[in-house]
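Quick notes on the structure that follows.
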Amino acid sequence: MPIEQQDDPPFDLPPNTESGAGTPGQAAPAHAQGSISQRALAKRPMSSSAAPYLDALNPEQRAAVEALEGPVLVLAGAGTGKTRVLTTRIAHILETGRAYPSQILAVTFTNKAAREMKERVERFVGSSVEGMPWLGTFHSIGVKILRRHAELVGLKQGFTILDVDDQLRLMKQVIEAEGLDKDRWPARQLAAYIDRWKNRGLTPEKVPAGEAHAFAGGKGRELYAAYQRRLKELNAADFGDLLLESLRLFMENPDILAQYHNRFRYILVDEYQDTNVAQYLWLRLLAQGSEKPNICCVGDDDQSIYGWRGAEVDNILRFEQDFPGATVIRLERNYRSTAHILATASHLITANENRLGKTLFTDGAAGNKVTVTGLWDDVEEARTVTDNIEALSKQGHQLNEIAILVRASFQMRVLEDRFVTTGLPYRVIGGPRFYERAEIKDAIAYLEVTANPANDLKFERIINVPKRGLGDTSVKRVRELARASEIPLFAAAQSIIETEELSGKARRSLSDLVGQFERWRANAATMPHTELAKLILDESGYTQMWQADKSPQAQSRLENLKELVHFMDDFDTLQGFLEHVSLVMDIDNASDGDRVSIMTLHAAKGLEFDTVFLTGWEEGVFPSQRTLDESGQAGLEEERRLAYVGITRAKVSAHISFTQNRRNRGLYQSAIPSRFVDELPEAHVEVVEAKTPFGGAYQNFGGRFGGNPYGASRFDEAPAAFQSSYATPGWQRAQKQWQSDSTTPPRRRAAPRTIEGELVASSTSESSFEMGERVFHQKFGYGRISEIDGNKLTIDFEKSGRKRVVDSFVERH
DNA sequence: AGTGAAACTATTTTT
DNA sequence: TAGTTTCACT
């Protein structure tokens, strides 16, 4: 395959400053007159007053757009016009002739953000400007760079990109090849380690000795190295590699790096608070080209919510040290929310220690206070929310402007049930994504193997789907042959069917499959790719497999397949389509009709709605107990940022609710209100009484939450927490009382809900326990420690078997 | 190789 | 509770 030649001409042109275009208001460089974009630019009147886009900005935004020289950090609070600044800045760079579109590197995290930015820049500069080639996600830019220099990192130009399934399948093979028990050492866990290392920019040899022993009793690093070797053999890269390998490329090849230094005159980074170490290093390397790099990072430390994915808030907190002489601009004027909402969010977030500090303000109306409602259980909560939504709907509100934000997806079920019974239209955002569905992955695997016979992992995925009598043993034989003669699996299949190695049935079956692929490949040259896809799905028996399936989802799977073929129409070639799906895991959610949106807080980042319902503000749910256990104080702060993100999604009203009981995994658990509820500012919050389902308000306990209808009879002492005024420092006391209260109904006792000193400390440091030590656990009884991983212990309990627990839950014995 | 029943395990998830 | 995965059996 030829090296891609789609590259833009300006790459080799001399820097445009030489033609004197360094200041605003000058015409585009003359030498570029051949390029459409430059001709378009040249036609534009170039006086600086002819930059109406600047007049539309407030002073801070304008400063952020005009500070083009040197490093700039824009701290853009929620709803302060971040995207606008970013796009205007790009437009401004282009308009003033400081750089060609191809000389601007602009990175985002999501495809959605990249698409949006591209569209907005085009609208600014005029559609005649060719799209910016280096505007994209970290990953897509990583691929682009790697494809050009693949051989330098041990890959070939046409390398494939692994998805999560492929990755796991490969890791399983690596684990087994090392002679390890795949049950004792799950591939998922190894994948998690490797992912974390890659996020931190660590190649196998750089994994710290202490951590190298993290997996399989000291084989972590070896397995990581073996996995990387296998990737190279397969000519494949996983997601982490797209960044890590381009990072390595730059570090090992200063001449290549210099080319990019030369090229990128301006670097812009969106959502800087979400960058991980690898991305940070990558950016630093690219910015190193000059003493005062023109790098502009836009972000909001208060909206950093992907720490668990490797994001380092520290990157943004440290910006000024990293780039001395940086200009820091704060955008604090909020255009989205009313004053009460803004004040509530701002006040809540001040409880965080680790932040740069911003105070959002608005000139807009005070609006309504944020409401807080305490409810009996999740069912009542769902009913209350839908009742409210129905009322809003009757008043003429758009359902599209209403969202329900939850911490975790398990909270969605009750809500969905309620929407279904009431018949209110809703949509779940996030959810299982199109390209993650099994049938889509299978179909893509068929297409991929057709296009690329050397893609072993995809071939393995569908070799026996639909079932064609090629079981584990047969596949194993093929794989052994492939490994022994160092050829791709498909080639091994081709040769093995010439031998007597396989049983008659398997041999015939595999021979048929190989023949089919050969035929499809022959067709690929002549047939449109959508036709080919239909043919493949049909002839392989894949469509038929689902037609014969009597499960209720079979129908929708078939529809998904149709949609996939339809979607392929948007691409010119099969190759182009495959490259796209490997990077873009989602299909654009067409917003059809007027519906309420239900989504997680994470999915809500960047969106806005008139009315937002924030449900499930209970300790353990939100903040999530698991985050607290795993990340202690830092985790708590991240949860609080999540609350901040949630509240700031609302334009005109925000409604917070919590329940005393919530069903999770089949059983009810009692809950106490989230500490975040207590942290809300009295002056901007209104406590709303819950209505009973039987009509009328019920007796008020004198508490801020209006008590509850069942309290007197069913919770004689227990609801102490509910009775206290939540503003008092008594929550802790009340919570303790609640937990220790022996009259609490006989349901599962909630796990400790605080993050105490020792737990926080132990999450980062090594556990004080030792291997083989005998310990006692409240729930599981006595046992011996068989593995230690940070503060997590694997213990063989005498009665309950092997479990993984956090060390603070066990005591020495 | 393919079936059915027991067993296990559950956040958040930009790419 | 529900979904998946493993295991034992045919």
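Residue numbers start from 1 in every chain, and the chains themselves are labelled A, B, ... in the order their sequence lines are given, proteins ahead of strands.
Residue A:Arg407 places no side-chain atom within donor-acceptor reach of the base of B:dT11, judged by atom type and a 3.5 Å distance cut-off alone. At a cut-off of 3.5 angstrom, the base of B:dT9 holds no donor-acceptor pair with the side chain of A:Arg188.
The nearest whole Å value for the distance from the CD atom in A:Gln189 to the P atom in B:dC8 is 17 Å. Whole-Å rounding puts the A:Arg437 CZ to C:dT4 C1' distance at 17 Å. The distance from atom CD1 of A:Ile463 to atom P of B:dA1 is 11 Å, rounded to the nearest whole Å. Separating the CD atom of A:Glu638 from the C1' atom of B:dT13 is a distance of 12 Å, rounded to the nearest angstrom. Taking atom CG of residue A:Leu628 and atom P of nucleotide B:dT11, one finds them 17 Å apart after rounding to whole Å. Rounded to whole Å, the distance from CD on A:Glu271 to C1' on B:dT13 is 15 Å. A:Asn464 has its CG atom 8 Å from the P atom of B:dA1, to the nearest Å. Atom CG in A:Leu667 sits roughly 16 Å away from atom P in B:dA10 (whole-Å rounding).
You'll find that the side chain of A:Trp308 is closest to B:dT13, out of B:dT13, B:dA1, B:dT15. Side-chain proximity of A:Lys467 to the nucleotides B:dG2, B:dT11, B:dT14 is greatest for B:dG2. Minimum atom distance to the side chain of A:Asp274 is reached by B:dT14, of the listed B:dT14, B:dT13, B:dA1. Checking B:dT13, B:dT11, B:dA1 against every side-chain atom of A:Thr627, the shortest atom distance belongs to B:dT11. The side chain of A:Arg626 lies closest to B:dA10 when the candidates are B:dA10, C:dG3, B:dT14. Comparing B:dT11, B:dA1, B:dT15 by their closest approach to the side chain of A:Ser624 singles out B:dT11. Out of B:dT14, C:dG3, B:dA1, the shortest distance to the side chain of A:Tyr306 is found at B:dT14. With distances taken from any side-chain atom of A:Arg309 to the nucleotides B:dG2, B:dT13, B:dA1, the minimum falls on B:dT13. The A:Arg413 side chain lies nearest to C:dG3 when the options are B:dT13, B:dT14, C:dG3.
Atom CD of A:Gln544 sits in a sparse spot, with 12 or fewer heavy atoms from other residues, nucleotides or ligands closer than 6.0 Å.
Summary of the strand contacts: A:Leu642 and A:Ser474 both lie near DNA chain B, and taking for each the nucleotide with the nearest heavy atom, the more 5' one is attributed to A:Ser474. Positionally, the nearest nucleotide of DNA chain B for A:Leu470 lies more toward the 5' end than for the other of A:Leu470 and A:Glu639.
Residue-level contact check: A:Ile305 touches neither bases nor backbone, having no heavy atom under 4.0 Å from any strand. In this structure, A:Ser509 reaches neither bases nor backbone, as no heavy-atom distance under 4.0 Å exists between it and the strands shown.
Here A:Asn111 reaches the OP1 or OP2 of B:dT15: one of its side-chain N or O atoms lies under 4.0 Å away. Within the structure, every side-chain polar atom (N or O) of A:Thr275 is placed at least 4.0 Å from both OP1 and OP2 of B:dT14. OP1 or OP2 of B:dT13 lies within a sub-4.0 Å distance of a side-chain N or O belonging to A:Thr600.
A cation-pi contact links A:Arg196 to A:Tyr193, judged by a cut-off of 6.0 Å to the six-membered ring centre and 45° from its axis. In this structure, A:Arg640 is not positioned above the aromatic face of A:Phe676 in the sense of NZ or CZ being under 6.0 Å from the six-membered ring centre and within 45° of the axis.
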**Prompt:** Should A:Thr627 and A:Arg407 be marked as a side chain to side chain contact (heavy atoms under 4.5 Å, CB included) after you check the CA-CA gap, both sets of side-chain angles, and the distance that decides it?
**Reply:** CA-CA 12 Å; A:Thr627 301; A:Arg407 173 65 243 263; 3.9 Å; yes

**Prompt:** Given the rule in the side chain to side chain donor-acceptor pair (under 3.5 Å) test, do A:Asp442 and A:Tyr542 qualify, once you have shown the distances and angles that lead to the verdict?
**Reply:** CA-CA 9 Å; A:Asp442 289 339; A:Tyr542 193 75; 2.6 Å; yes

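Side-chain atoms of A:Pro133 and A:Lys144, non-hydrogen and from C-beta on, do get closer than 4.5 Å to each other.
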